[in-house]
Amino acid sequence: MRDRFDVVIAGAGPAGGQCARDLAERNYDVLVLETESESDFPRQSNKSTAGTFPSAMTAFSIPDDVVMHYTDKVVLESPNDHYVRTQTGAVLEFADFKRFLVRDSREKGATYRFDSRVSAPIMEEGEVVGVRYDGDREVYADVIIDATGPAAPLAKKLGVCDLKREKQAIGIEYEYEGVDMNRAGYADLNDAMMLRLDHDLAPGGYSWIFHTGEDTAKVGLCYIQNAAHHDYSKEGMGIDDYLEYWLDRDPRFENAERIEGKHAHRGSAHIQPPASLSTDNFMAIGDTVPSIDPLWGEGIHKGMKSARAAAATVDAALTPNDPDTSAESLAVYDQLWHSDVAPKQRTRLTMTELLYLAPNERYDQLMADLQQTDDDVLTEVNSGNRRAFAQLFHLSDLPLLAKYARQRLSN
């Protein structure tokens, strides 16, 4: 007898866990396969600054007990200036957050198998009908969902997503104590999430300090394998070297030390549009088909929104007397992804790419520009509003636009 479920989800991250929550709540028989062992889940090496906003907390009923610290402002820094925006937020304890999703979805009826590495789809008559894991073990389902992130073992073999490795963002983060959160000459970072644009520290990316209470903070950086990284990177330096470089030079870390027992958060994510999102009996969610906002990122929130869109699509496909999980039926998920998860996705991606391509002196000008605008402009920029983005442009930016255009044409 075949091992069979209504839905099999590969990956127990935020997207996989949330999708299991939603489907189990609708009384579907759901199995989640997770590579890590349950005793170690999740490993502290799992990435994420885990900063989010009230919209995510409310929409997904995230409990207070997985929040490390609530914040009341966002700070943007350039090499010589900064901009402060009043905005409430929450810095999550990422491990507790992921464990909550597993626990809650289990209570709703989802099944989890840890130590279960998914390796390949099972195909019958040209369609995926199950997955192979742990070598030769097999499980079958009406719908298969890949929530494994950039690894995407199912999506890649099915020709879904088609994301290129050279456009990945690579990041590292540690938790520190002894951080000077209100250093003279810098913005007050108490109760703040700070993002710094500075190619000297993170060529082609950004660095961050997220306050987690008293003198503790999540400190990290990431860069994208883009033209700016090629132009500004220092020979022989990797992601760990850049973090140490920043820690050695920023006076806010003069007395900072890594918190014992806290390991590095590491990870990668694609900064590019997925070619497709679904096919017959299959959908990809979360960081397997990623989208981010130009400034705030909000990758966790968008991943969970994609999970909810996938769950709604499954419900619509399996509810009729004659269930239909064909590519045409599951294309509803694609529509929801483009309308609700990542609206104006290509425009927002263009804004993101332009932001990281700009030189350091332009970041200083950006801070000055933001200080002369209201908060609505920044909100509209993050949502992909071209008119709002145009308000932050100057005639002196024409060479930057020309450089970007040449790169797009060459690609």
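- S326 places a side-chain N or O within donor-acceptor distance of the main-chain N or O of S329, the cut-off being under 3.5 Å.
- Looking only at distances, a side-chain donor or acceptor of D364 sits under 3.5 Å from a matching main-chain atom of N80.
- Using a 4.5 Å cut-off on side-chain heavy atoms (C-beta onward), E107 and D104 make contact.
- Taking the six-membered ring where the residue is Trp, F114 and Y112 present parallel rings, their angle staying beneath 30° rather than reaching 60°.
- Panel note: side chain K234, backbone D200; a donor-acceptor pair is recorded below 3.5 Å.
- Within 6.0 Å of CD in E244 there are more than 12 heavy atoms belonging to other residues, nucleotides or ligands.
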Please determine whether side chain to side chain contact (heavy atoms under 4.5 Å, CB included) holds for the pair V143 and T313, giving the CA-CA distance in whole Å, both sets of side-chain angles, and the decisive distance to 0.1 Å. CA-CA 10 Å; V143 178; T313 303; over 6 Å; no
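- Between the side chain of T288 and the backbone N or O of G149 there is at least one donor-acceptor pair closer than 3.5 Å.
- Distance check: S105 OG to I9 CD1 gives 8.0 Å after rounding to the nearest 0.5 Å.
- Checked by atom type, the side-chain pair Q345/W337 shows no donor-acceptor distance below 3.5 Å.
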Go through F210 and H69 one step at a time and tell me if the ring pair (Phe, Tyr, Trp, His ring centres under 6.0 Å) criterion holds. CA-CA 9 Å; F210 281 14; H69 192 65; over 10 Å; no
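- Rounded to the nearest 0.5 Å, atoms CG (L247) and CG (L201) are 10.0 Å apart.
- With contacts defined as side-chain heavy-atom distances shorter than 4.5 Å, the pair M68/L92 does not qualify.
- Heavy atoms of other residues, nucleotides or ligands lying less than 6.0 angstrom from CD of Q371 number more than 12.
- Salt-bridge check for K156 with D146: failed, with every basic side-chain N at 4.0 Å or more from each acidic carboxylate O.
- Y83 places no side-chain N or O within donor-acceptor distance of the main-chain N or O of V74, the cut-off being under 3.5 Å.
- Distance check: I209 CD1 to L221 CG gives 11.0 Å after rounding to the nearest 0.5 Å.
- Under 3.5 Å, the side chains of Y176 and R258 contain a donor-acceptor pair of N or O atoms.
- The two residues I300 and P14 have their closest heavy-atom pair at CG2-CB, 4.4 Å.
- Two residues are said to be in side-chain contact when any heavy atoms from C-beta on lie closer than 4.5 Å; E175 and H265 meet this criterion.
- Taking each heavy atom of N226 and G204 in turn, the nearest pair found is ND2-O, 3.3 Å.
- Taking all atoms of both residues into account, the shortest heavy-atom contact from V84 to A187 is CG2-CB, 4.4 Å.
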For S383 and N385, run side chain to side chain donor-acceptor pair (under 3.5 Å): C-alpha distance rounded to whole Å, both residues' side-chain angles, the deciding distance at 0.1 Å, then the answer. CA-CA 6 Å; S383 68; N385 186 311; 5.6 Å; no
Would you check, one step at a time, whether the test side chain to side chain contact (heavy atoms under 4.5 Å, CB included) holds for M193 with V91? CA-CA 8 Å; M193 291 189 283; V91 183; 4.0 Å; yes
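- Side-chain contact check for D81 and S78: no donor-acceptor pair (N or O, by modelled atom type) lies under 3.5 Å.
- Under 3.5 Å, the side chains of R85 and T379 contain a donor-acceptor pair of N or O atoms.
- Considering CZ of R113 and CG of D115, their distance stands at 13.0 Å, rounded to 0.5 Å.
- In terms of modelled atom types and a separation under 3.5 Å, the side chain of D22 and the main chain of E25 share no donor-acceptor contact.
- In this structure a side-chain-to-backbone donor-acceptor pair under 3.5 Å is missing from D6 to V30.
- Counted by atom type alone, N281 and D142 present zero donor-acceptor pairs between their side chains at under 3.5 Å.
- At least one side-chain heavy atom of V131 sits less than 4.5 Å from a side-chain heavy atom of L33.
- Inter-residue side-chain proximity for S207 and D198 is flagged as unmet; no heavy-atom pair is nearer than 4.5 Å.
- Residue R132 comes nearest to P121 through the heavy atom pair NH1-O, 4.2 Å, listed as atom of the first residue, atom of the second, then distance.
- Ion pairing of R252 with E77 is present here, as a side-chain N (NZ or NE/NH1/NH2) and a carboxylate O approach within less than 4.0 Å.
- Contact of the Y70 side chain with the V67 side chain is registered, since non-hydrogen atoms from C-beta on lie closer than 4.5 Å.
- Few gaps surround CZ on R106; more than 12 heavy atoms of other groups in view lie less than 6.0 Å from it.
- Of the residues D293, D340, D287, I292, the one that meets the side-chain contact (heavy atoms from CB on, under 4.5 Å) test with K302 is D293.
- To the nearest 0.5 Å, the span separating OG1 on T71 from NE2 on H211 amounts to 10.0 Å.
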I would like to know whether V314 and Y333 meet side chain to side chain contact (heavy atoms under 4.5 Å, CB included); could you show each step before the answer? CA-CA 9 Å; V314 168; Y333 168 63; over 6 Å; no
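- Between R21 and Q18, the side chains place a donor N or O and an acceptor N or O closer than 3.5 Å (distance only, hydrogens not considered).
- Between K218 and F94 the shortest heavy-atom distance is NZ-N, 4.3 Å.
- Remark: Q365 engages R362, A368, D369, H394 in a side chain to side chain contact (heavy atoms under 4.5 Å, CB included) (not counting sequence neighbours).
- Relative orientation of the Y223 and Y242 rings is perpendicular, given thresholds of 30° and 60° on the angle between their planes.
- Rounding to the nearest 0.5 Å places CD of Q225 at 4.0 Å from CD1 of I170.
- Side-chain atoms of L295 and L195, non-hydrogen and from C-beta on, never get closer than 4.5 Å to each other.
- Judged purely by atom type and a 3.5 angstrom limit, R249 uses its side chain to pair as donor or acceptor with the backbone of Y245.
- Side-chain contact between L158 and I144: absent, with no pair of heavy atoms (C-beta onward) separated by less than 4.5 Å.
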Apply side chain to side chain contact (heavy atoms under 4.5 Å, CB included) to the pair H338 and L277, showing each step before the final yes or no. CA-CA 10 Å; H338 285 290; L277 303 160; 4.0 Å; yes
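- Relative orientation of the Y206 and Y356 rings is parallel, given thresholds of 30° and 60° on the angle between their planes.
- In this view, E34 satisfies the salt bridge (Lys or Arg N to Asp or Glu O under 4.0 Å) rule with no residue, not counting sequence neighbours.
- By the 4.0 Å N-to-carboxylate-O rule, K403 lies close enough to D231 to be salt-bridged with it.
- Judged by distance alone, the side chain of H82 and the main-chain N or O of R196 form no donor-acceptor pair under 3.5 Å.
- Taking all atoms of both residues into account, the shortest heavy-atom contact from A110 to A20 is CB-CB, 4.2 Å.
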